[in-house]
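Step one of this worksheet: look at the structure below.
Below, each value reflects all heavy atoms present in this structure, side chains not excepted, and no hydrogens, waters or symmetry copies. Each chain gets a letter, A, B and so on, in the order its sequence line appears, and its residues count up from 1.
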There are 2 protein chains.
Amino acid sequence: MSAGHTAVTASGTADGEPVISCETPQDECGVRDVLDRLGDKWSVYVVVELASGVLRFKELQRRIHGGISQRMLTLTVRRLERDGLVKRTVYPTIPPQVEYELTEMGHSLTHLVKSLADWSIAHRPAIAEAREAYDARPAEDVRT
Amino acid sequence: MSAGHTAVTASGTADGEPVISCETPQDECGVRDVLDRLGDKWSVYVVVELASGVLRFKELQRRIHGGISQRMLTLTVRRLERDGLVKRTVYPTIPPQVEYELTEMGHSLTHLVKSLADWSIAHRPAIAEAREAYDARPAEDVRT
DNA sequence: CGGAATCCATAATGATACTG
DNA sequence: CAGTATCATTATGGATTCCG
């Protein structure tokens with residue numbers, strides 16, 4: 001729609017606060033658009049694993065951290081396929097063989113995932129520290 | 001815990017594919033670290049709204065797309081505070097007044113959120129298209 | 001092998017009422 | 001205003017079984 005690109009005008013100002021302004025009327029920023037899609041526990045992992053190349057169902061399942069259930073992998077991969085992030089190719093052989101790979105769009109997401117990973121790694125210590133401090137804090141830090 | 005191999009070591013670098021290399025030994029990529037924190041529906045929205053400046057509870061709630069419940073806002077904001085992404089200041093006045101603002105770390109996340117938003121906006125049409133195509137597709141695209 | 005279908009446990013979220 | 005507490009409802013994820 002008008003979505004053209006209301007773009008997220010971030011003013012990466014020096015010391016000023018980075019501002020995100022969303023002008024998209026129909027449904028805000030579209031952030032939700034992405035997060036809804038990547039918000040589930042597994043999508044990102046599938047994208048990450050598929051970033052390295054084509055994988056078959058079983059192999060994909062085996063690689064995913066923590067062990068995703070068959071059901072969830074199917075659901076996840078289907079949704080990604082529907083959204084055009086993953087391409088699914090079925091070879092009607094016996095036994096059947098299905099290959100999954102990222103589409104162009106899927107690959108473009110890889111970048112973002114990497115950024116997220118980088119941020120996470122960079123701030124993990126700080127977050128852990130913040131948590132300890134928070135948990136140790138006895139009362140509220142009220143402003144007198 | 002450490003599910004053995006930690007690396008994603010992408011290989012398809014031939015034509016300059018975006019590569020994700022995770023060397024973090026503790027627990028895979030750390031992608032999960034971020035997604036777990038941002039994975040819930042609301043955290044990102046709170047960060048987005050707070051990116052523009054300091055907000056009080058009610059005001060924050062009012063701004064959030066779709067209308068977050070009191071309960072969820074409280075939980076979300078608490079978690080963000082605990083993780084050191086948001087700073088909460090209580091003024092023991094009557095009626096009480098509580099202000100929320102991003103911390104330095106919170107602001108640094110703003111960038112990523114912006115990237116997500118940009119990606120989302122840029123690919124929304126393509127995704128919508130992919131969905132239509134998928135839903136319209138009668139049978140499987142089997143490789144003969 | 002890849003997946004669909006079913007049943008079940010639990011986590012996430014919403015709605016509502018109550019409090020300092 | 002800014003929560004906290006409770007209850008009801010989903011959404012999500014796992015285990016199992018069956019099928020082409």
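At a threshold of 4.5 Å between non-hydrogen side-chain atoms, the residues B/Ile68 and B/Lys41 do not count as touching. Looking at A/Val86 and A/Glu101, their side chains never come closer than 4.5 Å, going by heavy atoms from C-beta outward.
In the set D/dT4, D/dC1, C/dC1, the nucleotide with an atom closest to the side chain of B/Arg78 is D/dT4. The side chain of B/Ser69 sits closest to C/dG14 out of C/dC1, C/dG14, D/dC1. Side chain of B/Phe57, nearest nucleotide from C/dG3, D/dC1, D/dG3: D/dG3.
Of the inter-residue distances, the one linking B/Leu75 atom CG with B/Met72 atom CE reads 5.0 Å to the nearest 0.5 angstrom. The CZ atom of A/Arg71 sits 10.0 Å away from atom OG1 of A/Thr76, with the distance rounded to the nearest 0.5 Å. Going from atom CH2 of B/Trp119 over to atom CG of A/Leu109 covers 4.0 Å, rounded to the nearest 0.5 Å.
With rounding to whole Å, B/Leu75 atom CG is found 10 Å from C/dG14 atom P. When rounded to the nearest whole Å, the span between CD1 of A/Ile64 and P of D/dG13 equals 12 Å. Atom-to-atom, CH2 of B/Trp42 to P of C/dT13 comes out at 8 Å; the value is rounded to the nearest Å. Put simply, CG on B/Asp40 is 15 Å from C1' on C/dG14, counting in whole angstrom units. Counting to the nearest Å, the P atom of D/dC1 and the CG atom of B/Leu73 are 14 Å from each other. What separates CG of A/Leu55 from P of C/dC1 is a distance of 15 Å, to the nearest Å. Regarding B/Ile94, its CD1 atom lies at a distance of 15 Å from the C1' atom of D/dG3, rounded to whole Å. One interatomic measurement links the two molecules: CE of B/Met72 to C1' of D/dT10, which rounds to 13 Å at whole-angstrom precision.
Map A/Lys41 and B/Thr74 each onto its nearest nucleotide of DNA chain D; the residue landing nearer the 5' end is B/Thr74.
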Original post:
In the 5'-to-3' direction, what one-character label does each nucleotide of nucleotides 5-11 of chain C receive under the scheme B = base within less than 4.0 Å of a protein heavy atom, S = sugar-phosphate only, - = no such atom?
Top reply: -B-----
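Of the listed residues (A/Val46, A/Asp40, A/Val48), just one forms a side chain to side chain contact (heavy atoms under 4.5 Å, CB included) with A/Val44, and that residue is A/Val48. Applying side chain to side chain donor-acceptor pair (under 3.5 Å) to A/Glu59 and the options A/Arg56, A/Gln61, A/Arg62 leaves one that passes, A/Arg62.
For B/Thr103, the side-chain contact (heavy atoms from CB on, under 4.5 Å) partners are B/Lys87, B/Met105, not counting sequence neighbours.
Taking the C1' atoms of five terminal pairs at each end of the helix from C/dC1-D/dG20 to C/dG20-D/dC1, the two resulting helix axes are inclined by 40°, rounded to 10°.
Under the 4.5 Å side-chain heavy-atom criterion for ILVMFWY residues, a single connected hydrophobic cluster contains both A/Val90 and A/Phe57.
Residue B/Arg88 places at least one side-chain N or O under 4.0 Å from the OP1 or OP2 atom of D/dG3. Residue B/Tyr100 places none of its side-chain N or O atoms closer than 4.0 Å to OP1 or OP2 of D/dC1.
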